[in-house]
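What follows is a short report on a single structure.
Every chain is numbered from 1 and lettered A, B, ... according to where its sequence line falls, protein lines coming before strand lines.
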Number of protein chains: 2
Amino acid sequence: MAKKNNKAEGEEEGHAPDNVSRGGERRLPKVPKGARDFGPEQMAIREKAFKIVTGVFKRHGAVSIDTPVFELKETLTGKYGEDSKLIFDLADQGGEILSLRYDLTVPFARFLALNNVGNIKRYHIARVYRRDQPALAKGRFREFYQCDFDMAGTYAHMFADSEVLKVMTEILDEVPIGGYEIKINHRKLLDAMMSVAGVPTDKFRAICSSIDKLDKETWAFVKDEMVKAKGLDEAVADAVGEFVRQNGQPWAMLETLEKNEKLTANAEAKTALEDMRTLFKYLEAYNCLPRFSFDLSLARGLDYYTGVIYEAVLTDPSTGVGSIAAGGRYDGLVGMFNPRCKDLPCVGVSIGIERVLAIMEKKEGSNIRQTETQVLVAAVGADMDLERMKLAAELWAGDVKAEILNVSKPKMDKQLKYALDQGIPYMLIVGGDEVAQGVVKLKTLAEKKEEVIPRGEIVVELKNRLAK
Amino acid sequence: MAKKNNKAEGEEEGHAPDNVSRGGERRLPKVPKGARDFGPEQMAIREKAFKIVTGVFKRHGAVSIDTPVFELKETLTGKYGEDSKLIFDLADQGGEILSLRYDLTVPFARFLALNNVGNIKRYHIARVYRRDQPALAKGRFREFYQCDFDMAGTYAHMFADSEVLKVMTEILDEVPIGGYEIKINHRKLLDAMMSVAGVPTDKFRAICSSIDKLDKETWAFVKDEMVKAKGLDEAVADAVGEFVRQNGQPWAMLETLEKNEKLTANAEAKTALEDMRTLFKYLEAYNCLPRFSFDLSLARGLDYYTGVIYEAVLTDPSTGVGSIAAGGRYDGLVGMFNPRCKDLPCVGVSIGIERVLAIMEKKEGSNIRQTETQVLVAAVGADMDLERMKLAAELWAGDVKAEILNVSKPKMDKQLKYALDQGIPYMLIVGGDEVAQGVVKLKTLAEKKEEVIPRGEIVVELKNRLAK
């Protein structure tokens with residue numbers, strides 16, 4: 001019914017709306033750049049996707065929280081590095097200085113610190129805001145949903161990490177996105193690799209961000225950047241390259257790395273490899289290890305990760321390449337808000353639900369029903385408006401989803417067409433004869449079958465059929 | 001788990017956060033004034049309430065839409081009269097000038113105009129934003145939910161109005177708020193009353209807003225305001241008073257008014273009374289007329305109403321007095337955005353869901369379960385961590401909601417306490433003996449009963465019991 005609005009893309013910045021205050025003459029309305037209206041079909045798909053995702057979260061006993069759409073600007077300051085320039089600020093209208101939330105992780109950390117929450121396994125599905133250049137084709141918007149699942153608090157070693165990853169696989173298995181693979185690595189192993197390869201400590205983060213490009217660029221390109229742009233010795237770059245081009249089945253990769261004596265001599269690497277060994281054991285018990293690839297090129301941009309990191313990518317080329325979910329362990333973030341929460345351990349995953357929705361919209365398109373209506377209450381003959389209303393009220397009272405055509409004395413073909421167009425499975429038909437005899441006609445549209453049912457039995461009869 | 005945050009109330013305005021850029025030394029975090037965090041208990045109550053409300057909307061075949069949290073500022077300009085000063089603006093960071101939505105009605109009208117939507121029966125549950133002085137005790141926040149249901153487009157006379165009101169009664173019957181009454185009136189009847197009473201046309205809106213105070217103030221107070229503050233003749237004020245102090249059962253009131261020849265000589269009054277007669281007939285067919293009181297003092301502040309207006313008030317004094325839902329017909333609003341949509345008729349209702357949530361929180365308090373977990377997978381003895389994980393994975397694969405305690409080798413009393421605290425109905429217990437024999441123990445906590453079940457049958461067995 002509602003068409004998608006595509007006006008945001010390619011639109012020019014900078015034309016301040018000069019007719020804000022003119023009142024009378026107005027151009028046609030529009031939605032803000034990078035934002036969208038969601039029509040009934042898109043909402044039906046969104047509901048379906050959220051139901052799957054929420055179902056998995058609840059299956060794991062997760063609780064739900066929500067936070068305000070805006071935070072104090074200071075809460076967001078110093079958390080996003082260069083991307084801070086993409087934060088939407090509210091106008092200073094007197095009082096507090098506010099910004100729209102940029103993600104759900106920082107508000108979660110703020111929530112934990114403010115409310116002194118200990119152990120919590122929570123999900124949060126909400127919109128976040130980024131003043132990025134919108135690119136609708138790539139699914140990049142200024143307002144978009146995130147679905148986050150995090151476990152904060154003290155749990156047995158690698159228990160939380162493995163459950164977060166199990167949740168991630170269950171969701172990706174259940175949403176209709178096709179095949180995927182989860183790359184997994186460890187922040188401490190990355191640091192150890194660079195140390196062993198001879199990268200100077202002050203270049204760790206810069207080299208890390210070059211490594212992160214290996215999912216899109218060739219090794220030659222990345223090496224070139226390391227050497228020319230970042231001033232790394234070519235021999236050191238080659239040593240890094242030896243590491244980061246390795247990936248494969250978790251146990252096999254682990255064995256290879258454990259045999260590397262230079263690496264195992266490094267304390268950080270040793271911790272990381274022990275973490276991975278325990279994790280893989282748990283993922284095996286959780287029956288999801290085959291989904292994983294131990295990939296030394298996975299670096300993840302964000303500074304706050306402190307342990308395992310992971311990213312799921314789609315393997316079906318027709319759905320396009322790219323990340324569909326990602327996360328990791330971040331043990332220091334909550335402590336930034338409250339020293340009493342210092343070292344409150346956290347691990348989580350964020351599902352790229354907008355990509356999931358885009359794939360589902362493409363697949364299901366306009367085939368999805370916009371409503372769940374089960375019965376159209378119809379009539380033949382004049383003077384049946386009140387009878388239709390009475391019957392509809394009986395159905396609603398019995399919690400049957402029913403509609404009447406909001407037309408007075410509608411023709412039967414019009415009512416039938418509406419039921420067929422909307423995919424409504426049943427019609428109840430009343431006319432003068434039916435009212436006189438105390439019955440209704442029940443029409444099953446798929447079978448083109450009509451039956452006569454006593455009026456007093458119709459709600460129970462329908463509920464029995466609908467329960468099947 | 002999470003405590004409610006009450007810091008917004010009584011807090012001072014105007015202290016710009018001077019430590020935004022200082023970084024290091026930080027005060028403890030807070031949420032913005034008038035905004036709230038929602039902890040797991042509140043979220044469970046919210047979910048329960050939304051499920052009821054959404055259930056009613058869907059039962060009537062309504063579709064869902066969503067719009068961005070911000071709109072172009074010009075979209076909101078000129079819609080809210082004096083209250084425009086309460087609109088939250090975004091900072092001008094280059095590009096469009098934006099504001100947070102103030103309600104869901106104007107975005108709906110903008111949506112209809114932009115997408116050229118014809119007939120639509122839609123609901124929209126989302127947050128809106130007002131820079132009002134927060135008053136937590138009164139449930140007044142700066143960020144709060146609205147639940148709107150509207151029917152736009154051409155329907156048979158009074159069909160849409162009656163269905164909106166039917167939806168309103170179903171929701172108010174199903175949410176646990178106690179008794180209520182819906183006052184109903186007609187904008188055209190109000191105008192006719194004032195005309196017949198001799199109120200000068202240019203004073204209609206001002207007198208209307210005095211009338212609107214009759215739910216809180218005495219007639220003497222309101223008359224005084226009309227005469228002294230608004231310069232109405234005392235005799236005219238008395239004539240207005242004759243009308244507006246009348247209210248009662250719909251049919252009885254209608255008969256009284258139809259006998260008033262001065263009123264029925266007025267064309268607008270005649271139209272309004274005919275509307276009401278048809279509406280009452282339909283509400284009777286819909287079996288909900290006893291919920292209504294025809295109340296001539298109901299005026300409703302907003303300018304855009306053009307037909308029936310209504311407001312539901314709680315009748316249980318312990319829940320406090322006040323409006324819990326309100327709405328009316330507004331046939332001109334969409335035309336303000338798009339001349340092609342001029343006179344697109346609309347009628348709708350907005351449910352005051354925050355008041356509903358506040359009442360539910362008071363009633364259900366901390367009795368509500370935060371999770372839906374059905375089974376705690378527990379173990380006795382050492383070395384059972386992997387067994388617990390394997391068993392949990394089997395349950396999850398069968399869509400059973402299950403948790404394990406995220407502790408290595410947990411003691412049985414700790415596991416039992418967790419299950420009892422969380423209200424989890426079943427425990428599955430594995431130990432060395434059970435693994436060896438290929439069985440598990442199923443403990444039903446309410447009955448303190450333990451049974452031994454073959455491992456391979458446990459998912460089916462549990463699903464059967466849970467289905468009951």
Side-chain angles (χ1 to χ4, degrees), chain A residues 2-3 13 17 20 23 28-29 31-33 35 37-38 40 43 58-59 61 63-70 72-75 77-78 89-91 95-98 110-111 113-115 117 143 155-156 159 282 285-287 337-338 370-373 386 389-390 393 396 401 403 406-408, chain B residues 2-3 13 17 20 23 28-29 31-33 35 37-38 40 43 58-59 61 63-70 72-75 77-78 89-91 95-98 110-111 113-115 117 143 155-156 159 282 285-287 337-338 370-373 386 389-390 393 396 401 403 406-408:
Chain A
K3 291 163 294 176
E13 281 269 11
V20 165
L28 288 183
V31 292
K33 178 172 175 168
D37 282 336
F38 292 84
M43 290 301 284
K58 287 187 175 180
R59 197 191 287 153
V63 299
S64 171
I65 71 155
D66 201 4
T67 62
V69 80
F70 40 58
L72 296 189
K73 187 177 168 65
E74 62 181 286
T75 297
T77 302
D89 292 327
L90 268 73
E96 299 164 337
I97 305 298
L98 307 173
R110 196 270 305 143
F111 175 93
L114 176 64
N115 298 292
V117 175
E143 173 182 57
Y155 302 106
F159 266 53
Y282 292 166
Y286 278 151
N287 198 25
F337 290 107
N338 189 345
Q370 298 180 1
T371 71
E372 298 172 11
T373 307
L386 290 178
M389 289 179 183
K390 281 180 199 165
W396 291 330
K401 298 186 180 89
E403 287 182 69
N406 277 300
V407 172
S408 188
Chain B
K3 291 163 296 175
E13 282 269 9
V20 166
L28 288 184
V31 293
K33 176 172 174 168
D37 281 336
F38 292 85
M43 291 301 284
K58 288 188 174 181
R59 196 191 289 154
V63 299
S64 171
I65 71 157
D66 201 4
T67 62
V69 80
F70 41 57
L72 297 188
K73 186 176 169 64
E74 61 181 289
T75 296
T77 303
D89 293 327
L90 268 74
E96 298 164 337
I97 306 298
L98 306 173
R110 197 269 307 142
F111 175 92
L114 176 65
N115 297 293
V117 175
E143 173 181 56
Y155 301 106
F159 265 54
Y282 292 167
Y286 277 152
N287 199 25
F337 290 107
N338 189 346
Q370 299 179 3
T371 71
E372 300 172 10
T373 306
L386 290 178
M389 289 180 184
K390 281 181 197 164
W396 293 329
K401 300 186 179 89
E403 289 182 67
N406 277 300
V407 173
S408 188

Next on the checklist: Shorter than 4.5 Å, heavy atoms on both sides: which option in A/Ser64, A/Ala156, A/Ala393 has the most such pairs with chain B?
Outcome noted: A/Ser64

Checklist entry - Considering only heavy atoms, which portion of B/Leu98 lies under 4.5 Å from any heavy atom of chain A: side chain, backbone, both, or neither? => result side chain

Checklist entry - If every non-hydrogen atom of B/Pro68 is compared with every non-hydrogen atom of A/Glu143, which pair is closest and at what distance? => result CA-OE1, 3.1 Å

Checklist entry - Counting heavy-atom pairs under 4.5 Å to chain B, which of A/Arg110, A/Lys390, A/Glu372 comes out on top? => result A/Arg110

Checklist entry - If you count heavy-atom pairs under 4.5 Å between each of B/Phe70, B/Tyr286, B/Tyr282, B/Tyr155 and chain A, which one has the most? => result B/Tyr286

Checklist entry - Between B/Val63 and A/Met43, does a side-chain contact (heavy atoms from CB on, under 4.5 Å) hold up when you go through it step by step? => result CA-CA 8 Å; B/Val63 299; A/Met43 290 301 284; over 6 Å; no

Checklist entry - What are the two closest non-hydrogen atoms of A/Lys33 and B/Glu96, and how far apart are they? => result N-OE1, 2.8 Å

Next on the checklist: Could you tell me if the side chain of B/Phe38 sits less than 4.5 Å from the side chain of A/Thr67, heavy atoms only?
Outcome noted: no

Checklist entry - What is the minimum heavy-atom distance between A/Arg59 and B/Trp396, and which atoms define it? => result O-NE1, 3.1 Å

Checklist entry - If you look at every heavy atom in B/Ala285 and A/Leu386, which pair is closest and at what distance? => result CB-CD2, 3.7 Å

Checklist entry - Can you name the closest pair of heavy atoms from B/Ser408 and A/Phe159 and give their distance? => result CA-CZ, 4.2 Å

Next on the checklist: Looking at every non-hydrogen atom in both residues, tell me the closest pair between B/Ile65 and A/Pro40 and how far apart they are.
Outcome noted: CG2-CD, 4.1 Å

